[in-house]
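Here, residue 1 is the first one in the sequence, and each next residue gets the next number.
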Amino acid sequence: MTGKRNDYISWDEYFMGIAVLSSKRSKDPNTQVGACIVNDQKIIVGVGYNGFPIGCDDDKLPWDREGDWCDTKYPYVCHAELNAILNSHGNLHGATLYVALFPCNECAKAIIQSGIKRVVYLSDKYRDSDSSKASRRMFDDAGVRYEHFESDKEIVIKF
């Protein structure tokens with residue numbers, strides 16, 4: 001065979017694959033989300049996954065989805081997008097965020113504030129929620145592009 005391969009993955013497939021791989025670090029028993037931030041030179045500048053803050057014991061805090069709010073995971077979990085931003089190095093202005101699940105409104109605020117200008121997401125299972133609607137509204141107002149990840153290659157993730 002001469003010449004280069006033609007079946008290599010695209011940049012979007014590569015970076016979404018890293019986001020999906022990062023999600024495998026999550027200890028959440030129900031939803032595993034990963035994120036990967038890439039600058040305009042195609043260099044990874046941040047990765048993250050959903051989990052409790054550093055120093056919080058994930059064997060002592062709750063992972064439940066239902067019950068009194070303080071007895072659920074929701075007040076404690078840092079989302080993948082926020083962790084990727086907090087774990088990042090370098091300037092995020094103009095960067096692209098690859099994420100397994102469309103960002104909630106809280107993460108949308110952090111994405112906008114950090115200077116990220118493009119969001120590529122794999123799943124949009126909460127599309128009709130108020131949180132997702134608020135995210136889209138803020139992204140539109142702030143000029144952040146968002147697009148559903150499309151590929152003919154298999155990207156495996158469980159929600």
Side-chain angles (χ1 to χ4, degrees), residues 11-40 44-56 58 61-151 155-159:
W11 285 113
D12 281 350
E13 290 165 335
Y14 176 68
F15 295 127
M16 185 58 77
I18 291 171
V20 169
L21 182 62
S22 296
S23 75
K24 305 298 183 186
R25 284 285 309 144
S26 174
K27 296 176 185 176
D28 190 313
N30 299 295
T31 305
Q32 300 83 43
V33 179
C36 176
I37 303 172
V38 180
N39 69 15
D40 59 357
I44 297 170
V45 294
V47 292
Y49 54 89
N50 59 312
F52 295 140
I54 294 170
C56 292
D58 53 29
L61 289 175
W63 288 105
D64 297 321
R65 296 169 75 176
E66 296 180 12
D68 291 335
W69 191 68
C70 286
D71 293 328
T72 68
K73 65 181 179 177
Y74 300 111
Y76 310 107
V77 169
C78 290
H79 287 182
E81 303 93 323
L82 180 60
N83 273 328
I85 290 167
L86 295 173
N87 292 334
S88 68
H89 56 278
N91 188 338
L92 300 185
H93 288 273
T96 297
L97 171 76
Y98 293 85
V99 64
L101 187 61
F102 187 82
C104 72
N105 62 299
E106 293 299 321
C107 289
K109 291 185 268 189
I111 290 164
I112 293 164
Q113 286 295 96
S114 72
I116 293 170
K117 286 298 183 186
R118 179 176 174 237
V119 175
V120 180
Y121 60 91
L122 186 58
S123 173
D124 197 8
K125 71 179 187 174
Y126 299 115
R127 178 176 185 77
D128 296 326
S129 71
D130 288 341
S131 176
S132 288
K133 290 175 186 176
S135 295
R136 282 180 171 74
R137 185 175 183 179
M138 286 187 285
F139 285 159
D140 290 342
D141 287 348
V144 175
R145 294 185 356 242
Y146 48 93
E147 56 196 73
H148 183 256
F149 174 76
E150 302 280 338
S151 174
I155 301 285
V156 179
I157 188 166
K158 292 186 325 185
F159 285 112

Within 6.0 Å of CZ in Phe52, more than 12 heavy atoms from elsewhere | yes
Write down the atom of Pro75, the atom of Thr72, and the distance for their closest heavy-atom approach.
-> CD-O, 3.3 Å
Close side-chain approach of Pro62 and Tyr76, heavy atoms under 4.5 Å = yes
Counting only heavy atoms not in Arg136, do more than 12 fall under 6.0 Å of its CZ?
-> yes
Indicate yes or no: at least one non-hydrogen side-chain atom of Asn87 is less than 4.5 angstrom from one of Val47.
-> no
Can you label the angle between the Trp11 ring and the Phe15 ring as parallel, tilted or perpendicular, going by 30° and 60°?
-> parallel
Distance col, row Phe149:CZ vs Glu147:CD, nearest 0.5 angstrom, shows 10.5 Å
Lys125 versus Phe102: any side-chain heavy-atom pair under 4.5 Å?
-> no
Working to the nearest 0.5 Å, report the span between CG of Leu86 and OG of Ser88.
-> 7.5 Å
Heavy-atom pair with the smallest gap, counting every atom of Ser23 and Gln32 | O-CB, 3.4 Å
Distance-minimising heavy-atom pair for Val99 and Val119 = CG1-CG1, 4.2 Å
Greater than 12 external heavy atoms within 6.0 Å of Gln113's CD = no
Atom pair OG1/CZ of Thr31 and Arg65 - distance to nearest 0.5 Å | 5.0 Å
Do we see a donor-acceptor contact under 3.5 Å between the side chains of Asn105 and Ser131?
-> yes
Non-hydrogen side-chain atoms of Trp63 and Asp58 separated by less than 4.5 Å | yes
Could you go through the side-chain contact (heavy atoms from CB on, under 4.5 Å) check for Asp64 and Asp71 one step at a time?
-> CA-CA 7 Å; Asp64 297 321; Asp71 293 328; 5.7 Å; no
Less than 4.5 Å apart, any side-chain heavy atom of Arg145 and any of Lys117?
-> no
Walk me through it: do Asp12 and Arg118 pass the test salt bridge (Lys or Arg N to Asp or Glu O under 4.0 Å)?
-> CA-CA 12 Å; Asp12 281 350; Arg118 179 176 174 237; 3.1 Å; yes
Is there a donor-acceptor pair closer than 3.5 Å between any side-chain N or O of Ser135 and the backbone N or O of Ala108?
-> no
Looking at CD1 of Ile44 and CD1 of Ile18, how far apart are the two atoms once the value is rounded to the nearest 0.5 Å?
-> 3.5 Å
How close do Asp28 and Asn30 get, heavy atom to heavy atom, and via which atoms?
-> OD1-N, 2.8 Å
Candidate pair Tyr121 and Tyr146, rule ring-ring contact (aromatic ring centres under 6.0 Å, His included), full reasoning | CA-CA 8 Å; Tyr121 60 91; Tyr146 48 93; 7.0 Å; no
Test item: His79 and Cys104 side chains (from C-beta on) under 4.5 Å apart, heavy atoms | yes
Enter the distance from Tyr126:OH to Ser132:OG here, rounded to the nearest 0.5 Å.
-> 9.5 Å
How many angstroms lie between atom NZ of Lys73 and atom CD of Glu66, to the nearest 0.5 angstrom?
-> 11.0 Å
Check: Leu92 and Leu97 side chains under 4.5 Å, non-hydrogen atoms | no
Would you say the side chain of Asn83 lies within less than 4.5 Å of the side chain of Tyr49, judging by non-hydrogen atoms?
-> no
Side-chain donor or acceptor of Asn91 paired with backbone N/O of His93 under 3.5 Å | yes
For Ser26 and Asn50, indicate whether the former's side chain and the latter's backbone hold a donor-acceptor pair under 3.5 Å.
-> yes
Okay, side chain of His148, backbone of Val120: is any donor-acceptor separation there less than 3.5 Å?
-> no
